[in-house]
Participant: 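Here it is: the structure, laid out below.
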Amino acid sequence: MLNGLVWLLGCQLVGELVARTLDLPVPGPVIGMVLLFVTLQGLQLPETADVFTVSDKMLRHLQLFFIPAGAGIFGYLSLVESHALPIITGIVVSWMAALIVVGWIVSAFTARMGAR
Amino acid sequence: MNEALDYLRTSPVAGLLLTLVAYRIGVRIRRATGNHPLAQPVLIAVALVGLALWALRIDYDDYMIGGSLIHFLLGSATVALAVPLHRQAHHLKELFVPMAVAIPVGAFVSVSFGILVVRMLGGDHALQMTMAPKSATTPIAIAIAESAGGIPSLVAVFTIVAGMLGAVAGPTVLTLIRVRDRRARGLALGSVSHGIGTSRALHEDATEGAFAGLSMGLTALVTCLAVPLVVHLVG
């Protein structure tokens with residue numbers, strides 16, 4: 001348990017330092033994620049390793065970690081109400097456009113690969 | 001009595017406990033609905049926390065004395081996303097070129113449509129930057145919104161809604177537009193509806209779920225770069 005947390009916090013810290021030092025547009029924890037990914041690919045640890053158990057436990061309850069940020073929405077209710085149209089249209093249109101684009105591009109490739 | 005109330009308002013215990021209890025109730029409700037995609041524990045919990053703060057007249061800032069302890073762990077949970085990505089990485093070789101094309105294009109389309117639609121319908125810069133990262137998985141979308149000038153509290157909700165859209169309507173839309181390949185369906189769902197879409201994809205088919213998970217991780221990464229790029233292009 002502790003060992004796994006050390007891994008996660010270690011990668012997070014290095015990620016934050018790298019993002020700040022190099023002034024990258026990518027958030028620190030995301031760089032930490034890439035760092036952990038590369039390390040895991042290199043090490044090929046057994047599935048029983050601590051970093052896997054801790055990560056699985058955290059990800060099972062991933063939604064718990066959004067609650068404090070999400071509860072802040074009550075400070076923006078009037079903004080949401082006055083901008084309901086751009087918000088709803090923005091979510092639905094961009095969601096649909098990207099879904100179609102990704103689905104079609106991949107299908108085009110797999111159809112050609114299958115035809116070969 | 002007053003002293004006890006002051007303690008409740010200013011100690012991290014109250015905010016921490018409130019968040020955990022609200023989450024437990026959210027998880028219970030989801031189970032009771034047979035894991036219905038509309039019953040997302042985070043949305044139920046957010047509503048309960050809001051209700052409790054309103055009823056007890058506690059400020060959001062006071063709640064965050066405890067809430068920030070949980071919020072802090074969001075960063076570590078983001079790092080932990082490397083683990084499912086690591087487990088799915090062997091699929092990368094299988095469809096490397098299609099993914100290398102489709103996922104960046106998808107992220108670019110999602111970010112630019114998000115920004116432009118909100119702008120056309122009268123949303124200001126902050127709202128555009130809140131819409132921009134909503135296809136990325138929630139912890140990463142929140143982090144991107146924070147650095148791009150969006151509203152983190154709103155992006156959490158926008159992202160969850162995009163996820164629910166995918167879980168409810170994603171497979172139907174993909175069938176309508178004749179995307180039948182399991183891998184293509186999974187990649188598409190994961191790229192617009194992150195973890196919530198992935199759990200729906202897993203429910204449909206194991207391969208579809210694996211590709212959705214991979215797509216979710218890669219989309220989150222690419223979205224970090226797509227947001228500043230689109231902002232640069234459309235200012």
Side-chain angles (χ1 to χ4, degrees), chain A residues 5 8-9 11-12 15 25-30 32-34 36-37 40-41 51-52 54-56 58-59 61-76 79-80 83 85-87 89-107 109-111, chain B residues 19 23 41-42 45-46 49-50 60 64 67 70-71 73-83 85-86 98 101-102 105-106 109-110 113-114 117-118 121-123 127 131 135 138 140 142-144 147 152-154 156-158 161-162 165 173-174 177 179 181 184 187-188 191-192 224 228:
Chain A
L5 269 179
L8 294 181
L9 286 170
C11 288
Q12 189 181 351
V26 181
V30 179
M33 173 183 97
V34 175
L36 181 61
F37 173 76
L40 292 176
Q41 287 284 307
V51 60
F52 293 126
V54 171
S55 299
D56 286 340
M58 282 189 95
L59 293 178
H61 297 293
L62 187 60
Q63 289 203 351
L64 167 67
F65 306 113
F66 320 147
I67 296 171
I73 194 176
F74 295 103
Y76 296 96
L79 175 80
V80 172
H83 287 79
L85 182 71
I87 290 174
T89 322
I91 293 178
V92 174
V93 170
S94 63
W95 174 84
M96 183 82 84
L99 182 76
I100 293 174
V101 163
V102 176
W104 277 350
I105 293 178
V106 181
S107 296
F109 275 105
T110 53
Chain B
T19 312
Y23 176 69
V42 57
V46 161
V49 168
Y60 178 69
M64 280 306 275
I70 290 177
H71 183 69
L73 289 172
L74 197 54
S76 317
T78 307
V79 176
L81 288 167
V83 166
L85 203 54
H86 164 71
V101 177
V105 173
V109 166
S110 168
F113 272 64
V117 169
V118 170
L121 296 173
L127 200 60
M131 189 62 71
S135 282
T138 317
I140 295 179
I142 292 175
I144 296 174
S147 53
S153 294
L154 283 185
V157 175
F158 291 3
V161 171
L165 261 178
V173 173
L174 287 169
I177 63 166
V179 174
D181 187 280
L187 287 172
S191 75
V192 292
C224 293

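Only a predicted model underlies this, so the values are computations on that prediction, with no experimental measurement involved. All chains are named by letter (A, B, ...) in the order of the sequence lines, taking the proteins before the strands, and each is independently numbered beginning at 1.
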Participant: Ignoring hydrogens and geometry, is there a side-chain-to-backbone donor-acceptor pair from B:Ser153 to A:Gly70 under 3.5 Å?
Facilitator: no
Participant: Give, as side chain, backbone, both or neither, the part of A:Leu9 having an atom under 4.5 angstrom from any heavy atom of chain B.
Facilitator: side chain
Participant: If you round to the nearest 0.5 Å, how far is CG of A:Leu62 from CG of B:Leu73?
Facilitator: 11.5 Å
Participant: By a 4.5 Å heavy-atom criterion (distance strictly below it), what part of B:Ser76 contacts chain A: side chain, backbone, both, or neither?
Facilitator: both
Participant: Is A:Leu36 close to chain B through its backbone or its side chain, or both, or neither, when contacts mean heavy atoms under 4.5 Å?
Facilitator: both
Participant: Top residue by heavy-atom pair count (under 4.5 Å) with chain B, among A:Thr89, A:Val34, A:Leu64, A:Leu85?
Facilitator: A:Leu64
Participant: Let me know which of A:Val102, A:Leu99, A:Val101 forms a side-chain contact (heavy atoms from CB on, under 4.5 Å) with B:Val192.
Facilitator: A:Leu99
Participant: Looking only at heavy atoms, what is the nearest atom pair of B:Val173 and A:Met96, with distance?
Facilitator: CG1-SD, 3.8 Å
Participant: Would you mind telling me which of A:Leu5, A:Val93, A:Leu40 has the largest number of heavy-atom pairs within less than 4.5 Å of chain B?
Facilitator: A:Leu40
Participant: Quick one, A:Leu79 and B:Leu154 - any side-chain contact, counting heavy atoms below 4.5 Å?
Facilitator: yes
Participant: Rounded to the nearest 0.5 Å, what's the gap from CD1 on A:Ile105 to OG on B:Ser191? Could you check?
Facilitator: 9.5 Å
Participant: So for B:Tyr60, is it side chain, backbone, both, or neither that comes closer than 4.5 Å to the heavy atoms of chain A?
Facilitator: side chain
Participant: Please report the closest heavy-atom contact between B:Val79 and A:Gly32, naming both atoms and the distance.
Facilitator: CG1-O, 3.8 Å
Participant: When rounded to the nearest 0.5 angstrom, what is the spacing between OG1 in B:Thr138 and CZ in A:Phe65?
Facilitator: 12.5 Å
Participant: Quick check on B:Leu187 against chain A: is it the side chain, the backbone, both or neither that has a heavy atom closer than 4.5 Å?
Facilitator: both
Participant: Counting heavy-atom pairs under 4.5 Å to chain A, which of B:Ser135, B:Ala162, B:Pro228 comes out on top?
Facilitator: B:Ala162
Participant: For a quick test of reading the model, state the closest non-hydrogen atom pair linking B:Gly75 to A:Gln12 and the distance between them.
Facilitator: CA-NE2, 3.6 Å
Participant: Indicate yes or no: at least one non-hydrogen side-chain atom of B:Pro98 is less than 4.5 angstrom from one of A:Thr110.
Facilitator: no
Participant: Between B:Ala156 and chain A, which part of the residue has a heavy atom less than 4.5 Å away: side chain, backbone, both or neither?
Facilitator: side chain
Participant: How far apart are the closest heavy atoms of A:Phe74 and B:Val46, and which atoms are they?
Facilitator: CE1-O, 3.3 Å
Participant: What part of B:Val157 lies closer than 4.5 angstrom to a heavy atom of chain A: side chain, backbone, both or neither?
Facilitator: side chain
Participant: Which bit of B:Val49 comes within less than 4.5 Å of chain A, counting heavy atoms only: side chain, backbone, both or neither?
Facilitator: side chain
Participant: State whether the side chain of A:Trp95 and the backbone N or O of B:Val161 hold a donor-acceptor pair below 3.5 Å, judged by distance alone.
Facilitator: no
Participant: Could you tell me the separation between the CD1 atom of A:Ile87 and the CG atom of B:Leu127, rounded to the nearest 0.5 Å?
Facilitator: 5.0 Å
Participant: Check each atom of A:Val54 against the heavy atoms of chain B and say whether the ones under 4.5 Å are side chain, backbone, both or neither.
Facilitator: neither
Participant: Going from CD1 on B:Ile177 to CD1 on A:Ile100, what distance comes out if it is rounded to the nearest 0.5 angstrom?
Facilitator: 5.0 Å
Participant: Count the heavy-atom pairs under 4.5 Å between each of A:Pro68, A:Gly75, A:Gly90, A:Ala69 and chain B, then report the option with the highest count.
Facilitator: A:Pro68
Participant: How would you list, by chain and number, every residue that makes a ring pair (Phe, Tyr, Trp, His ring centres under 6.0 Å) with B:His86, sequence neighbours excluded?
Facilitator: A:Phe52
Participant: Side-chain contact test, heavy atoms from C-beta onward, threshold under 4.5 Å: evaluate it for A:Phe37 versus B:Leu81 and give yes or no.
Facilitator: no
Participant: Could you tell me if the side chain of B:Val109 sits less than 4.5 Å from the side chain of A:Ser94, heavy atoms only?
Facilitator: no
Participant: Taking all atoms of both residues into account, what is the closest heavy-atom pair of A:Val51 and B:Val83, and its distance?
Facilitator: O-CG2, 4.3 Å
Participant: Might you point out which heavy atoms bring B:Ala102 and A:Val106 nearest each other, and give the distance in Å?
Facilitator: CB-CG2, 3.6 Å
Participant: Could you tell me which of A:Val26, A:Ile91, A:Val92 has the largest number of non-hydrogen atom pairs under 4.5 Å with chain B?
Facilitator: A:Ile91
Participant: Pick one of side chain, backbone, both or neither for A:Met33, based on which atoms fall under 4.5 Å of a heavy atom in chain B.
Facilitator: both
Participant: How far does OG1 of B:Thr19 sit from CD1 of A:Ile67, to the nearest 0.5 angstrom?
Facilitator: 6.5 Å
